[in-house]
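Have a look at the structure below before the remarks.
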Amino acid sequence: MELSKTFDPAGLDQRWYDRWMEHKLFESKPDNRESYTIVIPPPNVTGMLHMGHALNNTIQDILIRRVRMQGKNACWVPGTDHASIATEAKVVQMLREKGIKKSDLSREEFLKYSFEWKEKYGGIILQQLKKLGCSCDWSRTSFTMDDDYSKAVTKVFVDLYHKGYIYRGLRMINWDPKAKTSLSDEEVIKKEVRSKLYFIRYQLEKASSGSQLTSKAATLNWSDGNSHPAAPNDITIATVRPETILGDSAICVNPKDERYKDLVGRFAFVPLINRRIPIIADEYVEIEFGTGALKVTPAHDANDYQLGLKHHLEVIDTLNEDGTMSKTAQLYIGQDRFECRKNIVKDLEANGHLVKVEDYSNQIGFSERTDAVVEPRLSLQWWCSMKEMAKPALEAVMNEEIKFYPKKFENLYEHWMSGIKDWCVSRQLWWGHRIPAWYAPDGSFTVAETIEEAFSILSTHDSHLTTHDLKQDEDVLDTWFSSWLWPFEVFHGLSSQGNEEVKYYYPTNTLVTAPEIIFFWVARMIMAGFEVMNKKPFSEVYFTGIVRDKQGRKMSKSLGNSPDLLGLIDQYGADAVRFGILISSPAGNDLLFDEKLIKQGSRFNNKLWNALRLVKGWEIQPVTNGQLSAGNQFAINWFENKLNAAVAEIEKLFAEFQISAALKIVYSLVWDDFCSWYLEMIKPGYDQPIDQETYDATIELFEQLMQLLHPFVPFMTEEIYHLLKVRGESDFVITSKTNIGKEINLNVLNEGETILQIISSIRDIRNRNQIKSRDRLKLFSIRPLNDYTASLVMKLSGLRSIEEISADREN
RNA sequence: GGGAGCUUAGCUCAGCUGGUUCAGAGCAUCUGCCUUACAAGCAGAGGGUCACUGGUUCGAACCCAGUAGUUCCCACCA
């Protein structure tokens, strides 16, 4: 058979993927085999394939292809997450570009646009995963807002409410002024920011009892190391958010602070608006920081809020929900808080209240999704108490019922779980699962799965009530309040309790995900698993690394350093892209991605192709005397052992999720052992035929290699598998059962090692002596171990036997 | 401020339970080859005080302590 010199990787991908789909090779249903289940970490429904997805899903695909070939019932469930805030932000932006404001739309209209958007872009990421070769069971594709799924979310909310875990509470929350919604602590990204520390002087109220300031200190020492003249008529505080002084309720000093001892109990005036506020004392204040005096703004700082509760201070909310100053602020009304900051500093300076400004760097919270500066804000929200649920979830990981790879993440998990705080689950958005709480006109409310149910509860108190009087809560649930049900709800574990699917496939086996979402998602899935199903959701969690560019920067849209994956797949083929991603991803460490590695993958494919061309180009001759040449016999035997040794090695590596290392083993087995040694050993001379037995054995070995390699390099191996010999209609490498992994004969391996060393050293000597390969000269007479060693050594090192040389002389 | 990790060749990293795969791999570099599957290839070579300092041990890249640098996570110093 004549094979073309080159091949078309992208065409090959498409051809085989279609055939696999046609034969429904990815589909799964319960049977009597052992199951192996993976649920995909559902990408955002509006998402586009990026390196993180590619890494993550390539690993899952490798795991699932491997177990499928081991004969297990392999089930990989794909799907997408509705991604409440992220999707809503995108829809809002899309509408804005069309000139439509969200505030001009009704909830229903907005949701209509959102669903249209979802229909249009929702499937894209899944199509992209197909291009990558992911062998998901697409017939199981799920979405966190499917009808059944939504019912399950509601049911969990109602159940947890009745168990007393869910409650409504007025708390200090993280407010995203851009999305105008609350955020959980996990959705707030802290960043170090260079800012300014403003020192602001507050006028003191004249001492009422005529008691003179007895301040012994003629000067005040501040943290800047300088002394400042004692000012009996005012007190100076330090703040990075001067606009919040309009909401000040007090000034607080440490009771042990000698400098301010006499001021406690007196009053000061907020600059510009002259509100009279008390000076109080609390241990919370650091004497060393700033001036040692702290302004207290209970409405806009979590700590100040606590102080306010303790000291019964007034809460003065000076911000609107979009981050502009409210009427309560009295000044700068309608200005954005940052605009206001500039202006108030100017005015404070003009009025002599600004003492000085220092450069300062501090941590500021940003919204994970909108990147807006998060404002602490007092608000009525729905909360989920986590302490009880955390207990079994923590225990399961600590006693290794659920194993983490790498293990170091167990510490992190333990730390977070033991200090877990209540979860703010309500979001002031429209895209998501609406909170199933209904309010009667009198303000009473209930939580129920349906409005009918709610009505039957509320109407017991008020017989005049009709269902039209009931109003459902406007808020939706945090996205993660639905994703935490993913491992069982993709099998309708709650919406159709006890069904065969969930009984068979749940708990799932392996979760492959990024460490970034260990708290968002992994921990919560474990809690939901135990709480709802009374069973762990999965047995092992493999955390991949973070993909970085070759300069070590995290791949991100804003940096523009994410490669165009689809372009790369079109250019080099999915196999090469998968190779490039994997080869650079040591287990659990960050990986530095470099496009060069994809080229390396592409060269590997080329190598495979050429090995095939070599083998298929041979002319075959039946063995004349029924005897294989001793050299060929040895070569076959040696490589078979080499292959089996590699299989054992790979087995071990997979158990530890050392997938990159496993690929390196196969890579070297193919390139070095198979191509460079084995094929060279058995390669017939120019225009010479190969004996049938060696040929058959070689095809067999080649096929086994393809099986071993298939999970990593799915498309090219399928292609070669079919070109090696004629296959039946339903014979695919993807579903072929491996029969490799036999016993290893160490003697054969050692013998091979010796021969290879001899050949290498001869090549080395030839190389040092700069002998051209054409001059097949007679430098050495070696005394090999036996005939086949001699023939191999001479064949591969370019030496000739004494007989040949003397024959040459005679000519 | 607390916690975790990392530091091995020019680069990216292996090196699991201290001693025969112990100083390794892949890229990169250099040398020689268009050799009849593959120049997207073949055959070779150079290159490291295993961060630093002590300790434990017959023996340390590996265990312990400290130091420095670095990354990440958590945290209420305005």
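Keep in mind that the numbers below use all heavy atoms, side chains included, and drop hydrogens, waters and symmetry copies.
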Which protein N or O atoms sit under 3.5 Å from an N or O of nucleotides 23-27 of chain B?
unit_1, atom_1, unit_2, atom_2, d
rG26(B), O2', Gln600(A), NE2, 3.4
rC27(B), O2', Lys596(A), NZ, 3.2

_Checking Asp570(A) now: which residues fulfil side-chain contact (heavy atoms from CB on, under 4.5 Å) with it, not counting sequence neighbours?_
Lys131(A)
*Phe702(A): ring-ring contact (aromatic ring centres under 6.0 Å, His included) partners, not counting sequence neighbours*: Phe674(A)
*Considering residues at least two apart in sequence or located in another chain, which fulfil the ring-ring contact (aromatic ring centres under 6.0 Å, His included) criterion with His415(A)?*
none
*Listed partners of Glu283(A) passing side-chain hydrogen bond (donor to acceptor under 3.5 Å, both in side chains), at least two apart*: none
*Verify the contact: side-chain N or O of Trp671(A) to OP1 or OP2 of rC42(B), cut-off strictly under 4.0 Å; return yes or no.*
yes
*asked:* Which helical stems does RNA chain B take part in, if a stem means at least 3 consecutive Watson-Crick or G-U pairs with both distances below 3.5 Å?
replied: B:1-7 with B:68-74, B:10-13 with B:24-27, B:29-33 with B:41-45, B:51-55 with B:63-67
*By ring-ring contact (aromatic ring centres under 6.0 Å, His included), which residues pair with Tyr413(A), not counting sequence neighbours?*
Phe404(A)
*Is the phosphate of rA37(B), meaning OP1 or OP2, less than 4.0 Å from a side-chain N or O of Lys683(A)?*
yes
*Got a sec, which residues hit side-chain hydrogen bond (donor to acceptor under 3.5 Å, both in side chains) with Arg241(A), two or more places apart in sequence or on another chain?*
Glu375(A)
*Name the nucleic acid region contacted by Leu294(A), choosing base, sugar-phosphate or nothing; use a 4.0 angstrom heavy-atom cut-off, strictly under.*
base
*Does Phe715(A) have any ring-ring contact (aromatic ring centres under 6.0 Å, His included) partners at least two apart in sequence or in another chain, and if so, which?*
Trp20(A)
